Amino acid sequence: MNLKTSKPQNLKTSKKPVGFFDSGIGGTCILNAFRKLCPDVETVYIADSKNCPYGNKPAEEIIRLSEANVKKLLKKNCKMIVIACNTATAAAIDYLRAKYPHVPFVGLEPAVKPAALRSKTGVVGVLATAGTFHGRLYNETKDKFAKNVTVLAVVVDEFVLLVERGETSGAKVEKVVRAKIEPLLKAGADKIVLGCTHFPHLKAVIEKVCAGRAEVIDPSDAVARQAKRILEKMK
Ligand code: DGL
């Protein structure tokens with residue numbers, strides 16, 4: 001991968017938009033949470049749906065796709081970029097930060113830390129893509145904060161495809177969700193981490209399946225708050 005540092009621009013200008021990208025529509029859960037917090041800030045969102053899913057692609061390819069999204073957002077004059085995708089963050093955030101040092105990037109990783117700290121059973125379930133589970137961020141956080149907890153990591157590409165097709169409720173969706181989550185609940189998980197931005201779109205169904213047995217952890221609001229904090233520091 002060719003890593004040439006790009007030229008700095010004046011990114012502090014407040015009227016410039018904040019950019020968001022994801023492999024598809026998943027990251028709109030982060031975008032919507034951010035818009036609620038910062039209704040006056042302009043935003044640009046890229047859904048790279050023609051290349052979705054990213055989850056099972058090699059890291060090199062995810063880096064290439066992520067950089068193409070970043071270039072488009074910089075052409076739109078974005079002053080900050082939220083990588084609204086765990087998979088793209090896992091593969092590309094180090095590369096992007098090194099190549100575009102003047103651009104503030106906000107990324108995502110599965111909320112293993114709060115899940116591990118709050119678990120009473122000592123078992124937590126994490127739903128994410130293969131790319132996220134192979135990434136440095138997830139593994140470092142798990143080693144640091146979830147040493148004394150059993151972490152059940154499950155790849156659920158099916159959920160991504162459902163959400164991209166706009167199927168987020170109904171009996172068929174519930175059956176797919178139940179098939180993936182029931183084994184985690186039976187194994188004692190009392191926290192279920194939504195480690196992919198497509199999954200909050202299925203939150204109502206996931207919460208129905210988990211009701212009374214496990215808390216569903218959705219990081220959307222925390223990521224939006226982090227993006228707001230970074231934006232305020234830039235002003
Ligand atoms: N929404 C992306 C994430 O947060 C992944 C979906 C995909 O596999 O493209 O990881």
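Counting starts at 1 for both ligands and their atoms, in listed order. Worth saying up front: this structure is predicted, and the values here are computed from it rather than measured. Atoms considered below: every heavy atom in the structure, side chains included; atoms not considered: hydrogens, waters and symmetry mates.
We find that Lys203 and Asp218 are joined by a salt bridge, their nearest charged nitrogen and carboxylate oxygen being less than 4.0 Å apart. The pair Glu167-Lys172 meets the salt-bridge criterion, with a side-chain N (NZ, NE, NH1 or NH2) lying under 4.0 Å from an Asp/Glu carboxylate O. Ionic pairing of Asp221 and Lys36 is not present here: no N-O contact between side-chain nitrogen and carboxylate oxygen is shorter than 4.0 angstrom. Salt bridge present: Glu182 and Arg213 bring a charged side-chain N and a carboxylate O closer than 4.0 Å. Under a 4.0 Å N-O distance rule, the pair Lys99/Glu67 qualifies as a salt bridge.
Proximity to Val160 (heavy-atom distance under 4.0 Å) selects the following atoms of ligand 1: 6 (C), 7 (C). If you number the atoms of ligand 1 from 1 as listed, the ones under 4.0 Å from a heavy atom of Ser23 come out as 5 (C), 6 (C), 7 (C), 9 (O).
In this structure, the side chains of Leu108 and Thr197 come closer than 4.5 Å at one or more pairs of heavy atoms.
Residue Pro53 places a heavy atom less than 4.0 Å from ligand 1.
Only the side chain of Asp22 comes within 4.0 Å of ligand 1, judged by heavy-atom distances.
Residue, atom and distance of the protein heavy atom nearest to atom 2 (C) of ligand 1 are Cys85 SG, 3.2 Å. Closest to atom 10 (O) of ligand 1 among all protein heavy atoms lies Thr87 OG1, 2.5 Å.
At under 3.5 Å, a nitrogen or oxygen of Gly55, whether backbone or side chain, sits near a nitrogen or oxygen of ligand 1. The shortest N/O to N/O separation between Thr197 and ligand 1 falls below 3.5 Å.
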